[in-house]
Amino acid sequence: MPAFDLRTVILMSSVMPGLMALVMFSLGRGFPTNIRGVGNWASGALIVSTSALLLALRGSVPDWLSIVAANCGMIVGTGLWLTGSQRFFGLPPSWRFLVLMLAIGVTTLSWMTWVHPSVGGRTLCITAILALIYGRQSLVMLRYGRRESSAVFLGTMFLVQTIVTFARFVTTFGAGFAHAELFASDGVQVLYLTMGALMSLTVTVGFLLVGMDRLRTQLEQQSFADPLTGLLNRRAFLTAHQEERETMMRTGGLLSLLLIDLDHFKAINDTLGHAVG
């Protein structure tokens, strides 16, 4: 038996994503328009929070809420995380993939809830779908966010969650359907639910950090670079000069400065425009 109540773990994990979703909605409104996907992340967190609450109420609310709606909500919520990450890194969102996963989830869960009841079958369905979504999320974060430490950390967490979710899928299939209850006390199920709760608690914070890192980088670039040419402005030039001068003094090397003046360059700007110049 677990040392803690799994229902309580899931119930507690439904609070943090909802609160952070509100924070992300508020902050996302102030983000520049070229930082995309924050709204998807916030919407996904809110849906995951609601779905986790419905899962925790299994047995206290109708099955169509605690089983079908809750699990389909997890598919939609995690799918919005994926599309948000794709938009954030300038990739086309996988809407068709998400619709396909949702259609399979709704059909299978409904069939195995009312037509041919099977707890294990539902577990196989939802774990397979979530493992696919988590895996694609991890791939996007680790591949396109490798220059940002917060994105790498978040991608690693999704990778771990992918492995745990796939392990739940494999063990459910191998052990048969008798031991696949939501609040079962076997080790793999405890690990699966605990990791899911941990992910829901931290993933929204991670997404927020990724967005804030991008905003900070963009503001730094705007403060140190000329918006037209992309070259360093006076402030950035003086900072770079100071750093190179200190390096020269430590190493005993030489520092050279080259100045180039182009005659009649104003005429180019006046006739062809500043962009060409």
Side-chain angles (χ1 to χ4, degrees), residues 12-52 73-98 101 129-166 194-225 227 230:
M12 293 178 61
S13 69
S14 68
V15 178
M16 186 65 173
L19 295 177
M20 290 305 301
L22 299 178
V23 175
M24 292 179 67
F25 274 124
S26 178
L27 294 178
R29 296 175 61 183
F31 276 38
T33 55
N34 61 343
I35 299 182
R36 302 178 179 178
V38 178
N40 295 65
W41 290 340
S43 300
L46 192 59
I47 295 175
V48 167
S49 176
T50 304
S51 302
M74 293 297 295
I75 296 174
V76 174
T78 55
L80 285 173
W81 286 346
L82 172 61
T83 57
S85 299
Q86 291 170 330
R87 294 186 63 206
F88 183 81
F89 291 109
L91 305 173
S94 301
W95 293 117
R96 291 183 179 180
F97 169 76
L98 178 56
M101 293 297 101
I129 292 175
L130 290 180
L132 288 174
I133 296 176
Y134 288 143
R136 295 192 66 170
Q137 175 74 72
S138 174
L139 180 62
V140 170
M141 282 292 176
L142 293 177
R143 181 177 180 181
Y144 297 98
R146 56 182 178 271
R147 296 182 179 180
E148 305 172 19
S149 58
S150 55
V152 172
F153 172 76
L154 196 56
T156 303
M157 289 193 63
F158 274 110
L159 179 60
V160 173
Q161 183 64 17
T162 302
I163 296 173
V164 172
T165 305
F166 184 72
T194 304
M195 278 299 302
L198 178 62
M199 279 291 296
S200 64
L201 289 170
T202 58
V203 71
T204 47
V205 178
F207 280 134
L208 186 59
L209 290 176
V210 172
M212 294 300 292
D213 283 346
R214 174 67 63 84
L215 179 62
R216 176 182 55 81
T217 301
Q218 184 168 309
L219 292 177
E220 288 180 352
Q221 292 176 348
Q222 292 177 353
S223 65
F224 286 105

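- The CZ atom of Phe97 sits 5.5 Å away from atom CD1 of Ile133, with the distance rounded to the nearest 0.5 Å.
- Between Val164 and Met195 the shortest heavy-atom distance is CG2-CG, 4.0 Å.
- Heavy atoms from other residues, nucleotides or ligands lying under 6.0 Å from CZ of Phe25 number more than 12.
- For the pair Val15/Ser49, no side-chain contact is recorded, criterion being any heavy-atom separation below 4.5 Å from C-beta on.
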In residues 140-151, what donor-acceptor pairs under 3.5 Å come from side-chain atoms, sequence neighbours left out?
| unit_1 | atom_1 | unit_2 | atom_2 | d |
| --- | --- | --- | --- | --- |
| Arg146 | NH1 | Arg143 | O | 2.2 |
| Glu148 | OE2 | Arg214 | NH2 | 3.4 |
| Ser150 | OG | Asp213 | OD2 | 2.7 |

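- The two residues Ala52 and Ser14 make their nearest non-hydrogen contact at CB-CB, 3.7 Å.
- For the residue pair Ser94/Gln86, the side-chain donor-acceptor check at 3.5 Å is satisfied.
- Met24 CE to Leu19 CG: the interatomic distance, rounded to the nearest 0.5 Å, is 13.0 Å.
- The nearest pair of heavy atoms linking Leu198 to Thr202 is O-OG1, 2.9 Å.
- Proximity of a side-chain donor or acceptor of Ser200 to a complementary backbone N or O of Ala197 within less than 3.5 Å is detected.
- Phe31 places none of its side-chain heavy atoms less than 4.5 Å from the side chain of Arg36.
- Here the shortest heavy-atom pairing between Thr78 and Val48 reads N-CG2, 4.0 Å.
- Counting all heavy atoms, side chain and backbone alike, Ile129 lies closest to Met101 at CD1-O, 3.6 Å.
- To the nearest 0.5 Å, the span separating CG on Leu82 from CZ on Arg136 amounts to 6.0 Å.
- The CG atom of Leu208 lies 10.5 Å from the CG atom of Leu215; values are rounded to the nearest 0.5 Å.
- The shortest heavy-atom contact between Leu130 and Met74 is CD2-O, 4.1 Å.
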N/O donor-acceptor pairs under 3.5 Å from side chains in residues 152-161, not counting sequence neighbours:
| unit_1 | atom_1 | unit_2 | atom_2 | d |
| --- | --- | --- | --- | --- |
| Thr156 | OG1 | Val152 | O | 2.8 |
| Gln161 | NE2 | Thr165 | OG1 | 3.4 |

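- Within 6.0 Å of the CE atom in Met212, the count of heavy atoms belonging to other residues, nucleotides or ligands does not exceed 12.
- Distance check, rounded to the nearest 0.5 Å: CG of Leu22 to CG of Leu27 gives 11.0 Å.
- With values rounded to the nearest 0.5 angstrom, Phe224 atom CZ is found 11.5 Å from Leu219 atom CG.
- Judged as a side chain to side chain donor-acceptor pair (under 3.5 Å), the pairs with a partner in residues 37-47 (not counting sequence neighbours) are, in order, Asn40-Thr83, Asn40-Arg87, Trp41-Ser85.
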